[in-house]
Every structure is written in structure tokens, then in C-alpha cells.
Amino acid sequence: MQDIASVLSKDSAGKEVTVRGWVYRARSSGKIAFIVLRDSSGVVQAVAHSENFTPEEFNILSSLTIESSMELTGTVREDSRAITGYEVGVSGFRIYQRNESFPITKDQSEDFLLDIRHLWVRSREFTAVMKIRSTLFKAFADFYYQNGYYQVQTPFMVSTAAEGGATLFKVPFFGDEVSLTQSAQFYLESLIFSLEKVFTIGPSFRAEKSRTRRHLTEYWHAEIEAAWLGNDDLMEVEERMMEYMVQAVVENNKEELKLLGRDVEKLKKIKAPFERIRYGDLMKRAREDWGLDFEYGTDLGADEERALMSHFDKPVFVTHYPVEHKSFYHRPDPENPKEVLCHDLLAPEGYGEVIGGGERIWELDVLEKRIEEAKLNRDDYYWYIDLRKYGSVPHSGFGLGLDRVAMWVMGLENIKDAIPFPRTIRRTRP
RNA sequence: GCCGUUGUAGCUUAGCUGGUAGAGCACUCGGCUGUUAACCGAGCGGUCGUCGGUUCGAAUCCGACCAGCGGCGCCA
């Protein structure tokens with residue numbers, strides 16, 4: 001038994017092989033039947049001639065249905081007429097299951113594909129998507145392991161009062177109520193006091209009724225936190241990481257990118273360093289150089305982001321947002337306390353924000369003051385405040401939307417096409 | 001939450017100012033020895049999203065509702 005990719009080589013030509021998988025295409029013309037077989041590694045055409053089989057056997061081979069599962073034995077030969085350049089001359093076969101008709105035919109709508117997502121994940125397109133996604137998740141973890149970080153796990157069920165701002169999902173909990181996590185950040189901040197540099201990959205949940213092509217209700221959040229790092233240090237880490245992740249896909253997923261029709265040249269340009277622009281300077285440039293109607297204090301909405309990013313072909317860091325634009329835990333710039341030491345990373349080609357991060361407040365009195373200003377209940381944050389009482393140190397961290405990165409790297413129209421089973425405001429099946 | 005848009009066969013759809021629903025794919029049967037989401041012939045398949053209204057007559061016009069999709073806001 002061997003996988004299909006390994007059959008597609010000059011070494012296999014002339015040899016007898018056995019492959020197994022699912023029927024990708026089936027055609028017959030009386031005395032000859034073509035079967036294109038698919039497995040996780042690729043597809044190969046097989047051809048069966050009626051004179052090599054009993055009428056009953058040939059009838060089975062010439063009436064196979066799409067996605068039926070089977071095993072084929074035969075001799076490999078090079079043939080330019082076959083879809084992948086090689087062909088198996090069938091001498092024997094075994095059917096595992098002959099299907100009724102497969103629901104997916106050549107005409108499909110986005111909506112229908114979501115309804116039968118459990119079957120659409122078998123398509124060559126979606127197989128390519130999942131292979132690239134796998135590379136991205138691996139590259140993220142590899143990068144941090146190589147840089148001395150530890151992988152940690154944090155709870156998904158959390159006490160209801162947390163970060164404030166984003167809307168949380170409420171879940172019954174032994175007569176009480178908990179929320180589904182929207183970020184591991186506070187837990188990661190706790191763990192740097194032993195491990196110093198940590199990362200985690202897990203789902204985050206947002207109960208906002210977002211209806212856009214770049215929002216999911218449940219998404220994969222990659223977060224890191226590191227002691228002794230400042231905002232600038234962290235951006236250096238991030239740009240090296242982005243380069244590492246994108247180039248990993250460029251190197252390992254050539255076939256998949258081609259199948260998805262992605263322009264690889266755009267990805268090859270994603271190399272550190274990335275430009276860093278202070279929010280205030282960005283507004284100034286937008287107004288003076290690009291003629292956009294922005295002023296200090298304008299929120300960066302989707303339209304503004306797209307307008308700005310049309311001037312760049314690499315991701316851009318936007319730093320030093322006004323205090324009131326950001327959550328309470330961001331550290332005010334000691335040189336200008338009206339702005340915080342933070343950054344968003346905006347992806348090119350209109351894909352928008354993929355990272356939000358920055359330096360955390362590590363001084364106890366500053367944190368207490370900001371919690372008060374944000375009108376948050378101090379008791380809810382007792383453990384977060386405690387971290388500033390016992391050996392507090394400067395530290396920074398960020399959160400990255402892996403599905404958004406995947407969407408951008410693959411050049412997809414909708415974030416739902418970047419995850420196997422998307423959860424949105426109205427879709428929980430399959 | 002606000003705004004927009006769509007709903008006709010298993011899937012993709014045509015159907016103009018109202019006259020009684022047509023096609024392609026899939027499926028079944030027949031034909032075909034080199035096909036590339038094959039081709040040729042035949043067949044099967046529709047309470048036109050739901051409910052109500054106008055009308056001699058509604059897929060078509062009107063109203064309400066339901067469901068999906070998209071845009072904004074929020075964010076990753």
C-alpha cells in the first residue's frame with residue numbers, strides 16, 4: 001500500500017502498486033473505464049479495460065459513484081493524458097463502499113457548501129486550505145519554541161467579569177454562571193513570573209453579532225507574553241514571526257497555493273522589518289500625503305484601514321494609540337501619557353488587523369488608577385492586580401488571529417473559508 | 001444593533017408589463033476502446049420559503065413573518 005503522491009514519479013513507472021482512497025472522478029465508455037482516485041496526498045487516474053475483468057466486475061468499475069471508497073492494484077505508467085501525468089492500469093480492486101449519489105456536483109453556492117461542510121472538506125480546494133492552515137499553526141509554535149518560549153494552556157471557562165468591552169458568552173455552571181474566554185492574556189501574564197516567555201494557541205469566543213467577512217464567533221487565537229520585553233522589542237519578535245510563518249507556507253505549500261490561485265510573489269515580499277507608524281503620524285500622513293479626511297482621534301474603521309493599506313505591500317505596525325482607544329491594561333507612554341505603548345499589525349491587501357498587542361502596565365499604582373478610570377470593579381481584578389504586587393516586571397504580549405492570517409495568506413474572500421467548521425452568529429452546524 | 005439583499009427540482013438556475021413552470025448538473029436505463037467536472041439518446045424529479053390579501057386567474061402584484069447571505073459598528 002502506498003500513498004498516491006508517491007505513485008506519481010518515474011521511480012514508480014513499470015511497478016505494480018496498490019493505492020486506496022475515494023473516487024474523485026469516474027467515466028466509462030463501454031469497454032474502458034477511467035477512475036480518478038483521491039487520497040490525502042493527491043489524485044491519480046486509473047484505467048480499466050473490460051477484457052481484464054468478468055462482466056460483473058467491469059460493471060462495478062464502470063458504474064462507480066463519486067466519493068465511493070476503494071482500493072486499486074495495477075501497474076504504473078507515465079501518460080501525459082492523465083490528470084497528474086501518471087496512470088495506473090487496473091488489474092484488481094476492492095470496493096469498501098459504493099455510494100448513493102454524492103450531494104456535491106459541479107454547481108454549488110457558498111451557502112450550500114456551508115450546509116454540507118462536513119463533505120466539502122474533502123474537496124481539493126479545502127484540502128489545500130487545511131494543509132496551509134496546518135503549516136501556519138506549526139510555524140507559529142516552532143518559531144516560539146526556537147526562541148525559548150514555553151507552550152502553556154489556559155482555561156476556556158472563565159469568571160464572567162474579565163476584560164470588559166467585548167461581549168462574552170455565558171454558560172451555566174453548577175447553578176452559577178461562567179463565560180467562554182475571549183483571551184488568554186491575563187493568565188499568560190501570570191505565567192511569565194515562572195516561565196518568563198510563554199505562548200498558547202486556543203479558541204477565543206466573541207458574542208458580538210458581527211456580520212462581516214473577517215469575523216468568527218469562535219476563532220483560533222495565538223497569544224504570547226514575555227517578561228522584560230518592551231513594545232519595540234515585541235514588534236521585532238512579531239515581524240520575524242510573520243516572516244517565518246508566511247515563508248513556511250511559501251516553501252512547504254507550493255502546490256496548495258497554486259491550486260488556490262494565490263499570487264506567491266506577494267507572499268515572498270513579506271520579510272522583516274515592517275514599517276512602524278505612530279497613530280498620530282499616520283493621521284497626519286493620511287491627511288497631508290494621501291488627502292484623506294482623518295484627524296487625531298478618528299477611529300480606524302474598516303474603510304480607513306483599507307485606504308491606508310493601499311499604500312503598503314507589507315504589514316504595517318500602527319503604534320501609540322490615544323489612551324481612550326485602548327483597554328485599561330495598556331501602558332501609557334512615560335514620555336506622553338495620553339498615548340499608550342501598543343501596536344496593531346495591519347495585513348496588506350485589505351485584510352486588516354491581524355495582531356493587537358503591546359506593553360502592559362506593570363506599576364501597581366498606574367494599574368489601579370486606570371481600573372478606576374475605566375469604571376471597572378476592582379474586586380473582579382484582584383488576581384490581576386496581585387501580579388503587580390509581587391516582583392512585578394516590565395512585560396509585553398500580543399494576540400494574533402490565526403484564522404485571519406490564514407485568510408490573508410491564502411487570499412480568501414471570507415474568513416469562513418479559512419476554517420473547517422466556522423461558527424458564526426447564525427451557524428452552528430455542521 | 002443598524003442598513004442592504006436573496007429565497008423556483010437533490011444542486012445551479014430561466015421565467016419581461018399576471019395567463020397555469022423550462023433548462024443544465026446529479027440520479028436511472030440504453031449506446032460508445034483514451035476520457036479529462038467526457039459525449040449521444042431516453043426517463044425520473046416542482047405544495048415556486050411560509051401565511052394572508054388583490055384578481056376570473058399569482059412564481060410574478062401587495063402585506064406580514066421565517067431563513068440565508070453581505071456591509072457598518074465592535075474586535076483577532
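Nothing here was measured: the structure is a model prediction, and the numbers come from that model. We name chains A, B, ... by the order of the sequence lines, and we start the count at 1 in each one.
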- The side chain to side chain donor-acceptor pair (under 3.5 Å) partners of A:Arg27 (sequence neighbours excluded) come to none
- With sequence neighbours left out, what residues match A:Arg306 under side-chain contact (heavy atoms from CB on, under 4.5 Å)? A:Ala302, A:Asp303
- Exercise: do A:Asn252 and A:Thr135 side chains pair donor with acceptor under 3.5 Å: no
- Task: For nucleotides 64-71 of chain B, just jot down a letter per nucleotide in 5' to 3' order: B, S or -, based on protein non-hydrogen atoms under 4.0 Å.
- Result: ----SBBB
- Task: Measure the acute angle between the ring planes of A:Phe317 and A:Phe274, then classify it against the limits of 30° and 60° as parallel, tilted or perpendicular.
- Result: tilted
- Taking RNA chain B as the partner, which of residues 337-344 of chain A come within under 4.0 angstrom of it by heavy atom? none
- Task: Mind checking A:Ile104 for me? I need base, sugar-phosphate or nothing, with any heavy atom below 4.0 Å counting as a touch.
- Result: nothing
- A:Glu305 CD to B:A76 P, in whole Å, measures 11 Å
- May I ask you to verify whether the side chain of A:Ser210 and the base of B:C75 hold a donor-acceptor pair under 3.5 Å? no
- Query: Under the side-chain contact (heavy atoms from CB on, under 4.5 Å) test, which residues partner A:His320, sequence neighbours left out?
  - Reply: A:Arg278, A:Asp333, A:Glu339, A:Leu341
- Quick one: ring pair (Phe, Tyr, Trp, His ring centres under 6.0 Å) partners of A:Trp383, sequence neighbours excluded? A:Tyr187
- Which whole-number value in Å describes the distance from A:Phe34 CZ to B:C39 P? 14 Å
- Message: Walk along nucleotides 23-33 of chain B from 5' to 3' and tag each nucleotide B, S or - by protein heavy-atom contact under 4.0 Å, base first, then sugar-phosphate.
- Response: -BSSSS---BB
- Whole-Å C1' distance, B:C39 and B:U55: 49 Å
- Considering residues at least two apart in sequence or located in another chain, which fulfil the salt bridge (Lys or Arg N to Asp or Glu O under 4.0 Å) criterion with A:Asp107? none
- Item | P atoms of B:A37 and B:C44, separation to the nearest Å | 30 Å
- Note on the structure: When rounded to whole Å, the CD1 to P distance for the pair A:Ile355 and B:C75 reads 17 Å
- Task: Please confirm whether A:Phe143 and A:Tyr149 have ring centers closer than 6.0 angstrom.
- Result: no
- Query: Are the side chains of A:Val171 and A:Phe205 in touch, meaning some heavy atoms are under 4.5 Å apart?
  - Reply: no
- What interatomic distance, in whole Å, is found between C1' of B:A14 and the corresponding atom of B:G46? 14 Å
- Message: My understanding is that only residues two or more places apart in sequence, or in another chain, count here; which of them pass ring pair (Phe, Tyr, Trp, His ring centres under 6.0 Å) with A:Tyr96?
- Response: none
- Figure out the CZ/C1' separation between A:Arg404 and B:C74, and round it to whole Å. 10 Å
- Item | Separation between the P atoms of B:G15 and B:A23, rounded to whole Å | 15 Å
- Atom CZ of A:Phe112 to atom P of B:G7: distance rounded to whole Å? 18 Å
- Task: Both distances under 3.5 Å, Watson-Crick or G-U wobble: on that basis, could you give the dot-bracket string for RNA chain B, with [ ] for crossing pairs and | for other-strand partners?
- Result: (((((((..((((.....[..)))).(((((.......))))).....(((((..]....))))))))))))....
- Item | Euclidean distance, atom CD1 of residue A:Ile201 to atom C1' of B:A76 [Å, nearest integer] | 14 Å
- With rounding to whole Å, what would you report as the distance between B:G1 and B:A76 at their P atoms? 22 Å
- Task: Could you tell me whether the side chain of A:Glu208 has a donor or acceptor atom within less than 3.5 Å of a complementary atom in the base of B:G1?
- Result: no
- Same-atom distance (P) from B:C16 to B:C11, integer angstrom: 22 Å
- Examine the side chains of A:Gln146 and A:Tyr244 and answer whether a donor and an acceptor come within less than 3.5 Å of each other. yes
- Query: Aromatic ring centroids of A:His330 and A:Tyr321 under 6.0 Å?
  - Reply: no
- Note on the structure: Looking only at heavy atoms, the pair that brings A:Arg214 and A:Glu305 closest together is NH2-OE1, 3.7 Å
- Does A:Arg285 have any salt bridge (Lys or Arg N to Asp or Glu O under 4.0 Å) partners at least two apart in sequence or in another chain, and if so, which? A:Glu275
- Query: Expressed in whole Å, how much space separates the C1' atoms belonging to B:C3 and B:U13?
  - Reply: 28 Å
- Query: Side chain of A:Arg27: nearest nucleotide among B:A76, B:C74, B:U35?
  - Reply: B:U35
- Item | Under 4.0 angstrom between A:Ser109 side-chain N/O and B:U12 OP1 or OP2 | yes
- Please state how far atom CD1 in A:Ile415 lies from atom P in B:C75, giving the value in whole angstrom units. 16 Å
- In whole Å, what is the span from the NE2 atom of A:His215 to the C1' atom of B:C75? 5 Å
- Between B:U5 and B:A21, how far is it from one P atom to the other, in whole Å? 30 Å
Please table the atom pairs, donor to acceptor, closer than 3.5 Å between any side-chain atom in residues 80-92 of chain A and protein atoms at least two apart or in another chain.
residue	atom	partner	partner atom	Å
A:Arg81	NE	A:Asp79	OD1	3.1
A:Arg81	NH2	A:Asp79	OD2	3.0
A:Thr84	OG1	A:Val43	O	2.9
A:Tyr86	OH	A:Lys10	N	3.1
A:Glu87	OE1	A:Gln45	NE2	2.9
A:Glu87	OE2	A:Arg77	NE	3.3
A:Glu87	OE2	A:Arg77	NH2	3.2
A:Ser91	OG	A:Thr73	O	3.2

